[in-house]
Enquirer: 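Quick one: the structure is below, questions incoming.
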Amino acid sequence: MAAEAAAQSGAAVMVADHMPSPARKLLIAGRGGLNLTHSEALPHFLKHYGAAEAQLAPHIRAFPPEALIAWAEGLGQPCFTGSSGRVFPRAMKASPLLRAWMARLDALGLRLLARHRWLGFAPDGAARFATPAGETHIKASATILALGGASWPRLGSDGAWPALLPGITTRPFAPSNMGFSITLSEHLRQRFAGTPLKRIALTFGSITQRGEAMITEAGIEGGAVYALSAAIRDALAGQRSATLHLDLRPDLSLAELAARLLGRRGSLSLSNHLRRNAGLAPVGIALVQEALKSGTATPDLAGLIKALPLQVTGSFPIARAISSAGGLAWSEVDENLMLRRLPGVFACGEMLDWEAPTGGYLLQACFSTGHAAGLAAARYDARA
């Protein structure tokens with residue numbers, strides 16, 4: 001996106017990518033439908049960026065969700081808004097969009113340099129690259145760094161770049177939008193690993209998130225978990241464990257659920273009682289039964305179904321996370337995303353210090369900051 005914005009502004013642009021082909025993380029994102037952005041009003045949209053809202057807001061306002069949708073549709077990829085408000089290309093994958101995008105960039109004269117791994121800057125300011133043929137240097141009037149975070153390192157961004165910017169302040173990378181290890185019996189893990197928890201709500205502290213999750217061999221993950229992941233991760237940093245509460249029937253009030261259960265069990269087994277009168281799926285029944293057997297949960301069935309405690313003992317590793325927190329400190333860049341200590345060098349995307357939940361917020365901020373950095377670099381190039 002940075003390259004396109006710069007090239008459309010008249011700059012001659014080269015993109016150096018250390019992978020054999022570009023946009024691998026975008027292609028992986030496309031496996032889940034390529035959630036480009038979200039349709040909610042911008043003031044609420046921006047709140048999802050938390051501590052980085054003030055820094056990201058100008059760039060997202062300059063290239064908002066409507067602009068991103070128009071850009072995708074300009075590449076022949078019509079978009080639609082799902083019932084959750086999330087926006088997707090109708091093709092529900094990234095490959096058609098990427099092919100059209102690369103054709104547009106080629107028409108703009110962009111040069112793609114594959115298998116060029118950035119090694120930092122030489123004393124004369126040239127960018128150093130490791131290539132199959134050996135080290136090469138490229139001198140440019142402006143440089144845009146889009147080095148990524150530290151999640152999914154096999155796709156290209158391994159989070160090693162801070163060592164190549166000595167003296168530049170960075171915040172350590174941490175997983176974001178990831179799953180968590182929870183205390184479950186081996187029997188429950190083996191039987192229900194890969195089983196979705198549908199139409200549930202999760203509460204951590206004062207935050208409640210409705211959606212879906214999934215039990216895995218390692219614990220729990222999924223959209224509802226990801227929305228709470230930053231708060232849970234930060235809590236775990238200060239203590240060994242944390243408690244997440246699962247509402248298996250968020251569509252019913254506690255009083256309504258209690259009324260459904262009261263006096264209706266008769267000769268039914270607990271499992272059939274929970275299935276027939278509480279409407280629980282087998283995985284929900286198993287979770288309730290395990291909580292009761294552990295002796296740590298309330299025997300009040302309705303209360304347990306509405307707030308089943310899950311003991312969180314750790315987060316999944318960053319390599320498995322959808323995204324990462326941390327990166328280049330905002331104090332290191334100006335309002336145009338240029339590094340204050342390295343004039344003519346700009347930064348964008350996930351390498352900046354921000355995080356957001358899934359739902360379109362991740363790609364939107366990457367595209368918006370890329371667009372901003374590309375325009376700013378072209379202006380700098382024109383003055384050079």
Enquirer: Centres of the F63 and W71 rings: under 6.0 Å?
Expert: no
Enquirer: Does a side-chain N-to-carboxylate-O contact under 4.0 Å join R249 and D251?
Expert: yes
Enquirer: How about H48 and E40: does a side-chain donor come under 3.5 Å of a side-chain acceptor?
Expert: yes
Enquirer: Among K306, R199, R210, which residue meets the salt bridge (Lys or Arg N to Asp or Glu O under 4.0 Å) test with D247?
Expert: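 The passing option is K306.
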Enquirer: Just by distance, with hydrogens left out, do E186 and Q190 show a side-chain donor and acceptor under 3.5 Å apart?
Expert: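 Yes - a donor-acceptor pair under 3.5 Å links their side chains.
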Enquirer: Side chains of T183 and Q311: any donor to acceptor distance under 3.5 Å?
Expert: no
Enquirer: A side-chain contact here means heavy atoms from C-beta on lying under 4.5 Å apart; do H187 and F192 qualify?
Expert: no
Enquirer: With a 6.0 Å cut-off on the ring centroids, do F88 and F80 count as close?
Expert: yes
Enquirer: With a 4.5 Å heavy-atom cut-off, do E4 and L108 have their side chains touching?
Expert: yes
Enquirer: Salt-bridged, D334 to R340, with N to O below 4.0 Å?
Expert: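 Looking at D334 and R340, the cut-off is not met.
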Enquirer: Would you mind checking if E350 and K25 are paired as a salt bridge, meaning a charged N to carboxylate O distance below 4.0 Å?
Expert: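 Looking at E350 together with K25, the answer is yes, because their closest N to O distance falls below 4.0 Å.
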Enquirer: Apply side-chain contact (heavy atoms from CB on, under 4.5 Å) to the pair T208 and L228, showing each step before the final yes or no.
Expert: CA-CA 8 Å; T208 296; L228 303 174; over 6 Å; no
Enquirer: Check this for me, if you would: do R117 and D158 make a salt bridge, where the nitrogen-to-carboxylate-oxygen distance has to be below 4.0 angstrom?
Expert: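 Salt bridge: yes.
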Enquirer: Do S324 side-chain atoms and A150 backbone N/O form a donor-acceptor pair below 3.5 Å?
Expert: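 Looks like yes, one N/O pair under 3.5 Å.
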Enquirer: Decide, yes or no, whether a salt bridge links E332 with R341 under the criterion of side-chain N to carboxylate O below 4.0 Å.
Expert: yes
Enquirer: Let me confirm one number: the CG-CD1 distance from L342 to I168, rounded to the nearest 0.5 Å.
Expert: 5.0 Å
Enquirer: Evaluate the ring planes of H38 and Y361, with Trp represented by its six-membered ring, and classify them as parallel (under 30°), tilted (30 to 60°) or perpendicular (over 60°).
Expert: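 The arrangement is parallel - the two ring planes meet at less than 30°.
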Enquirer: Nearest 0.5 angstrom please: F204 CZ to L310 CG, how far?
Expert: 12.0 Å
Enquirer: Side-chain contact, heavy-atom cut-off 4.5 Å: M214 with L197?
Expert: no
Enquirer: With I232, which of L244, I207, T243 fulfils side-chain contact (heavy atoms from CB on, under 4.5 Å)?
Expert: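 The residue from L244, I207, T243 that satisfies side-chain contact (heavy atoms from CB on, under 4.5 Å) with I232 turns out to be L244.
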Enquirer: Are N177 and T358 close enough that a side-chain donor and a side-chain acceptor fall under 3.5 Å?
Expert: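 Absent: no donor and acceptor within the cut-off.
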